[in-house]
Structure formats: structure tokens, C-alpha cells
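Below: the structure, in C-alpha cells.
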Amino acid sequence: MGARVLSEAGDLLDPIARRVGTPLYVYDADRIRSQHHALSAALAPLRHRLYYSVKANSSIAILGILRKLGAGVDVVSVGEMARAFRAGYRASDIIFSGVGKRPDELEQAVTQHIKLVNVESTAEFDLVRSVAERQECEVRIGIRVNPDVETATHPYTQTGEAGMKFGVPLDEVVRIAERAVPIPSVRLTSIGMHIGSQIFDPSHFGEGAAKLLELVLQLQDMGVDTLEAVDVGGGLGIRYTNETPLDLARYADAIRPLVEGSGLSLAVEPGRFLVGNAGLLLTRCLYRKRSGGKTFVVVDAGMNDLVRPSLYRAVHDVSVVRAGEPGEAGETQVDVVGPVCETGDFLAKDRYLPGATPGALLAVGSAGAYGFTMSSSYNSRPRAAEVLIDGAQWAVIRERESLDDLMRGERTLDQLDAAKAWNRVSGAEMRVS
Ligand code: LLP
């Protein structure tokens, strides 16, 4: 849901915002389905499966929509894995990626017999192997390669260049494969990459895919006969304001040589592409103020609800769903800022927003990906609620956090004393600190 489209939906959104309150994330199930359909159609000539990257939006109802479409999931923690199971995914639908999996997380992955553990270093390979040997079962692994490809995205969302923490360097892959082959408890089934996020130029994927193909052919020549899939990660760029979205046909063309040349099936791990434009963040205007020649619209959503503008200087479309009090003609540019006590707490800068006066309802567009999942309760602000619209019906899929939720697990000093919960500090511990 781009904010522009939604500005026509005030009759729907304003009553929902009044019922559920703001800040509020709202998602459109049909938009997720149409994105899934578009990508599946573009990849149809290639034997493939989509593994939705759960970190983009991990709400269980959203995971449910994608499961019903036949997607698998790409998870990066046991927390995301638990969510996937709760949403009805089976172990064989789950790929476990991530650069820092803990030993207990690998234990779980092996015990559950998930589809694939994507290893990102030789040390992780050794660990997962020892876990599988101890449990006396087979683990299916993939090697996530760092293909050393430059991308033109934000430095914080580049992942595929040499010198970054992600993936196994190209020159180490064969060595890991050689170690894996003779070990019965490890089955090397996939070679993959994830070169970054919000990428528009298909040639970047093509470049990475060419390097993967070279590797796969080398492994096949060496007699590695367990490979089943090549995994090209996610990263498909979407429109936030005026970007030209990634051309799906050209994307498919860029990776086709890898799939056809290797004879393997294709795994893709899209996150943002499936959900980014299917969501928006509704926020209510609290105040309008002027300072030092600038005009600020202070709203009830902040960087704790949507951190992308503060963290990446990401530009999201903002529109007025319902105008507020009459008064401002709107010919001044405004900064839309949140209530958090940080100068970096802004949602948008220098926008013309007629009607953005106290009481107005604003929609921040393209907030379906890395919106709620990156939210926090900084300033002790309970995390927002989430609503899903599905055709002619809507429902709250996550309640707003309560103050009790906010303080769950904490103890007052009196409670600690009463429960005799204090532990003695030993001399050694004292010295360490
Ligand atoms: N696979 C792996 C291994 C990943 O690390 C990621 C994203 C994806 C797939 C999905 O990428 P996507 O299709 O969504 O681009 N917080 C940033 C984005 C960080 C992406 C991290 N990894 C943002 O808000 O732009």
C-alpha cells in the first residue's frame, strides 16, 4: 500500500484508527498475494521456491498468508523459527540463515530436521557438524557464499562484498565442501548468496549468480553429487517514492544461466518485495509548531515505531488520510517528527502536507517491511498494534503492547529483597568487573 493509494481510503482507515488507536500498522493481504504472484510468475520457467525472509515482517498472520501461497521461510533465529512453526510451516519449509547462530539454535535446527542450515563460516560448519554427529542425525547444509559483488544500495544494507561479515569468502568454499563430503551426518545441498537489500540493477544479481555458477560447476566436477539448489537470497528493490522497481523479467533473466547451467533448482529469499508496499503506518498529528524558521508536525509515531528514516535516512511517502483542525493552507514545508527525545526522531523532512494539523491522520507508506520488526519500546513507548485488511474484512493481528507488557519480567527493589533474589558476588567476579 503506497500512501498515495491509501489517501483515497480514508473512509476505511480513519474508523480503524479510531477503533484501534495509533500508531498503527495496517497491512493489505491482497497486495502480499499479488506480489507473490508477480514474482512466482516471473520465475515460472525456472524450477524454484520462494522462501519468505521473515525478518521483513514476522507477524504470525502475515506468515500465514505466505504459507497458504506455498512459500517456505528464511529465518535467522529460533525466535523466527518458532513464529514459523506457530504459523503452520513444517520443518521442511524452513531455511536457517544468519551470521551468528548460537550453539543452542543450531541444536534446535538439527533436532527439528529443517530443510537447510546456511552456514556462513568454517567455524560454523564445524559446530553444526559436531551437533549433528552428537545427535546422530543428518543435517542438510548450504554454504552462503560472499561473492564479492558491489551493489548500489545503502552501505548498511550491502552484504555481498569482500570485507563484510557475511558469507564464506569465495576461496574458502571448496575447502568447506571437501570437508563436508566424507561426513555422513552432513549433506551439502545448496550453494547460495545474499548480496544486499533494495537492489534495482539486475546485473548485480547476474554478477553474483555467475560466480555461484562457477563454484557449483567446480564442486560438481569434484564429484559433489548432493547439491539440489542454488539460493540467490533476497534483495529485490521496491518503490518507496519514485524509484523504478526492479524489473522482474530482467531479474529472472539474470539468474537463469545459474539455474540452467547448474541443473539445480532455485531458492529465492525475498522479504521487502513481498510485504514492503503492502503496509503503512498510521499516525495521528498531535501538534504543529514553528522553531527557527522551520515548521514541525509532531505526530504520535516515532523512531521507535519506524526507525528506517532515522537509521538509513530512508524516504517514505507520507500522506494525509484525514485532515485535522482547519487552519493551515499547507503551502509551507514541514518536518514530520515523533515524540521521542532524539533529534534524529523524524519520519519525513521537507514535505508539503496540507491538512496535517492537530487531529489529522497521516499514513507513512511502504512500511510493511522492516517497520514493526525493527520497532522498539525506547522511551518506554509500548509497541504499536497491527491490523490486517483482507478484502472486505479486517482484524487486529497484534494488540498494542500494554504497560504490563512493557515491564514484564522486571522486579522492584522491594520484590528482590522480599524474594531474597540477590546472588552473592564472589571475589573473582568482583575482580573481573
Ligand atoms: N536473505 C537474507 C540472508 C537476508 O539477510 C535478507 C535481509 C533477506 C534474505 C531479505 O532481503 P530483502 O528481500 O528484504 O531485501 N533493515 C533494512 C534491510 C535489512 C535486510 C537484511 N537482510 C531496511 O530496512 O532496509
Side-chain angles (χ1 to χ4, degrees), residues 35-54 56 66-67 69-75 89-90 92-97 114-120 140-147 149 151 159-160 166-168 170 173 177 187-197 199-220 224-237 245-274:
Q35 289 294 99
H36 183 277
H37 180 75
L39 184 53
S40 303
L43 297 175
L46 308 174
R47 194 157 46 94
H48 75 279
R49 187 168 189 203
L50 303 186
Y51 291 86
Y52 168 58
S53 184
V54 172
L66 286 155
R67 182 180 62 78
L69 295 170
V73 280
D74 165 54
V75 303
Y89 288 88
R90 292 159 308 166
S92 56
D93 299 321
I94 300 175
I95 291 179
F96 192 4
S97 306
I114 64 169
K115 170 91 177 179
L116 188 70
V117 175
N118 261 329
V119 303
E120 296 218 18
R140 297 163 55 90
I141 67 158
I143 300 176
R144 174 175 169 185
V145 180
N146 181 331
V149 171
T151 51
T159 55
F166 297 101
V168 173
L170 279 168
V173 177
R187 190 174 178 84
L188 176 61
T189 66
S190 166
I191 297 291
M193 65 178 184
H194 170 73
I195 57 172
S197 199
I199 295 167
F200 295 99
D201 185 345
S203 71
H204 295 315
F205 294 103
E207 207 185 311
K211 294 195 178 175
L212 285 194
L213 178 58
E214 219 175 288
L215 263 177
V216 169
L217 294 177
Q218 197 181 342
L219 295 175
Q220 287 171 336
V224 178
D225 59 0
T226 48
L227 291 177
E228 297 170 14
V230 281
D231 181 342
V232 292
L236 295 81
L246 178 72
D247 182 320
L248 292 180
R250 290 182 56 212
Y251 171 72
D253 281 347
I255 52 186
R256 172 176 299 141
L258 167 62
V259 183
E260 290 177 349
S262 66
L264 303 175
S265 68
L266 170 70
V268 187
E269 303 169 359
R272 188 191 321 263
F273 179 84
L274 295 176

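In this chain, residues are counted from 1 in sequence order.
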Donor-acceptor list for residues 201-209 side chains, cut-off 3.5 Å, not counting sequence neighbours:
residue: D201; atom: OD1; partner: S203; partner atom: N; Å: 2.9
residue: D201; atom: OD1; partner: S203; partner atom: OG; Å: 2.8
residue: D201; atom: OD2; partner: S203; partner atom: OG; Å: 3.2
residue: H204; atom: ND1; partner: E150; partner atom: O; Å: 3.0

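Using a 4.5 Å cut-off on side-chain heavy atoms (C-beta onward), L69 and L50 make no contact. The side-chain heavy atoms of I255 and V230, taken from C-beta on, include no pair separated by under 4.5 Å. Using a 4.5 Å heavy-atom cutoff, the side chains of I199 and L246 are not in contact. V73 has its side chain out of reach of L66: every pair of non-hydrogen atoms, C-beta onward, lies at least 4.5 Å apart. Here the side chains of V268 and Y251 are in contact, with some heavy-atom distance below 4.5 Å. Residues Y89 and I114 have side chains not in contact (no heavy-atom distance under 4.5 Å, counting atoms from C-beta outward). Between D93 and R49 there is a side-chain heavy-atom pair separated by less than 4.5 Å.
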Take F166 and H194 through the side-chain contact (heavy atoms from CB on, under 4.5 Å) test and state the conclusion after the steps.
CA-CA 9 Å; F166 297 101; H194 170 73; over 6 Å; no
Should V119 and R144 be marked as a side-chain contact (heavy atoms from CB on, under 4.5 Å) after you check the CA-CA gap, both sets of side-chain angles, and the distance that decides it?
CA-CA 6 Å; V119 303; R144 174 175 169 185; over 6 Å; no
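Scanning both residues, N118 and I95, for their nearest heavy atoms gives ND2-CG2, 3.6 Å. Residues P270 and L39 approach most closely at CG-CD2, 3.7 Å, considering heavy atoms. Here the closest heavy-atom approach between residue P257 and residue A254 is recorded as CD-O, 3.6 Å. Heavy atoms only, all atoms of each residue included: R90 and I94 are closest at O-CG1, 3.6 Å. S53 approaches D74 most closely through the heavy-atom pair OG-OD2, 3.4 Å. Of all non-hydrogen atoms in S97 and E269, the two that sit nearest each other are OG-OE2, 4.0 Å.
N146 CG to K211 NZ: the interatomic distance, rounded to the nearest 0.5 Å, is 9.0 Å. Residue L116 holds its CG atom at 4.5 Å from OG1 of T189, rounded to the nearest 0.5 Å. Of the inter-residue distances, the one linking S190 atom OG with L266 atom CG reads 10.0 Å to the nearest 0.5 angstrom. For the atom pair CD of E214 and CG of L258, the computed distance is 11.5 Å after rounding to the nearest 0.5 Å.
The salt bridge (charged side-chain N to carboxylate O under 4.0 Å, His left out) analysis of residues 225-235, with sequence neighbours excluded, yields the pairs R140-E228.
Among residues two or more places apart in sequence or in another chain, the side chain to side chain contact (heavy atoms under 4.5 Å, CB included) test is passed with A177 by L188, L219. Here F200 pairs with Q198, E243 under the side chain to side chain contact (heavy atoms under 4.5 Å, CB included) rule; sequence neighbours left out. With sequence neighbours excluded, the residues satisfying side chain to side chain contact (heavy atoms under 4.5 Å, CB included) with D253 are R256. Residues passing the side chain to side chain contact (heavy atoms under 4.5 Å, CB included) test with L217 are L213, Q220, sequence neighbours excluded.
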